[in-house]
Q: 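My structure is below; once you've seen it, I'll send some questions.
Below, read A as the first sequence line, B as the second, and so on, with proteins coming before strands; counting in each chain starts at 1.
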Amino acid sequence: MPSFFDQVYAVVRQIPPGKVASYGQVAALLGHPRAARTVGWALAALRGENDSDVPWQRVINSQGRVSIRNMEHAPEEQQMLLEAEGVEFNLNGYTDWQRFGWAGLSAVELEALLAAL
DNA sequence: GCCCTGACTGCTA
DNA sequence: TTAGCAGCCAGGG
């Protein structure tokens, strides 16, 4: 039985370049619409592991903007990484959820993904 | 098993 | 748009 963390990482790895998802969206996919905080914690744990293949920068909050309280990764850095992938931000630091928001996974894809863990 | 913590969320003002 | 508040879930000590 994979831990919640493993499931979070598996889902985040499915986010294609140029797209972004919210913490709540990832949590909802895993069946826990209220576990956004835990998802954020799971991604925070990746901070030290630079060799990880999890695109943590593609996960932002529901308001469409980055919200990092981390000393090692400034919000500007995450925004810069996303812009390099094609995601645009307006002057207020908000991204266009309608254009760059990730649609998520289908029930079938999700099931196969979690089964692979 | 209890308590604390955290890169969140939705609502109200 | 920003600020304050309470509810949520899982892992670590």
Q: B:dA7, C:dC9, C:dA10: which one has an atom nearest the side-chain heavy atoms of A:A35?
A: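 Of all the options, the side chain of A:A35 is nearest to C:dC9.
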
Q: Under a 4.5 Å side-chain heavy-atom rule over Ile, Leu, Val, Met, Phe, Trp and Tyr, are A:L43 and A:L117 clustered together?
A: yes

Q: Is the shortest side-chain N/O distance from A:H32 to OP1 or OP2 of C:dA10 below 4.0 Å?
A: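 Yes, such a contact exists.
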
Q: For A:Y9 and A:A42, indicate whether the former's side chain and the latter's backbone hold a donor-acceptor pair under 3.5 Å.
A: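 Yes; at least one donor-acceptor contact below 3.5 Å.
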
Q: Could you tell me if A:Q57 and A:E85 have a donor-acceptor pair between their side chains, going purely by distance under 3.5 Å?
A: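 Yes - a donor-acceptor pair under 3.5 Å links their side chains.
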
Q: Classify the side chain of A:R37 and the base of B:dG6 as holding, or not holding, a donor-acceptor pair under 3.5 Å.
A: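 When only heavy-atom distances are counted, A:R37 does reach the base of B:dG6 through a donor-acceptor pair under 3.5 Å.
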
Q: Does A:Y94 put a side-chain nitrogen or oxygen below 4.0 Å from OP1 or OP2 of C:dT2?
A: yes

Q: Write down the distance between CD (A:Q63) and P (B:dT9), rounded to a whole number of angstrom.
A: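 After rounding, the gap between these two atoms is 8 Å.
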
Q: Report the distance from atom CG of A:N61 to atom P of C:dT2, rounded to the nearest whole Å.
A: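 Going from A:N61 (CG) to C:dT2 (P), I get 11 Å.
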
Q: So if I take every side-chain heavy atom of A:T38 and compare against B:dT9, B:dA7, C:dA10, which nucleotide ends up nearest?
A: C:dA10

Q: Compare the minimum distances between each of B:dA7, C:dA10, B:dT9 and the side chain of A:A44, then state the nucleotide with the smallest one.
A: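 Nearest listed nucleotide: B:dA7.
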
Q: Side-chain N or O of A:S62 versus OP1/OP2 of B:dT9: is the shortest distance under 4.0 Å?
A: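 Yes, A:S62 has a side-chain N/O under 4.0 Å of OP1/OP2 on B:dT9.
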
Q: Nearest whole angstrom, please: distance from the P of C:dA10 to the CG of A:L43.
A: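 A:L43 atom CG is separated from C:dA10 atom P by 15 Å.
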
Q: Answer whether the closest heavy-atom distance between the side chains of A:Y23 and A:V59 falls below 4.5 Å.
A: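 Answer yes - side chains close enough.
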
Q: Would you kindly give the CD-to-P distance between A:Q25 and C:dC8, to the nearest whole Å?
A: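 Between P of C:dC8 and CD of A:Q25: 22 Å.
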
Q: Could you tell me how far apart A:Y23 (OH) and C:dC8 (C1') are, to the nearest whole angstrom?
A: 16 Å

Q: By nearest heavy atom, map A:W41 and A:R34 onto DNA chain C; which one lands nearer the 5' end?
A: A:R34

Q: Counting side-chain heavy atoms from C-beta on, which of C:dC9, B:dA7, B:dC8 comes nearest to A:W56?
A: B:dA7

Q: Using atom OH of A:Y9 as one end and atom P of C:dG11 as the other, report the distance to the nearest whole Å.
A: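 Taking OH of A:Y9 and P of C:dG11, I get 10 Å after rounding.
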
Q: Looking at side-chain heavy atoms only, is the closest gap between A:L110 and A:V11 below 4.5 Å?
A: yes

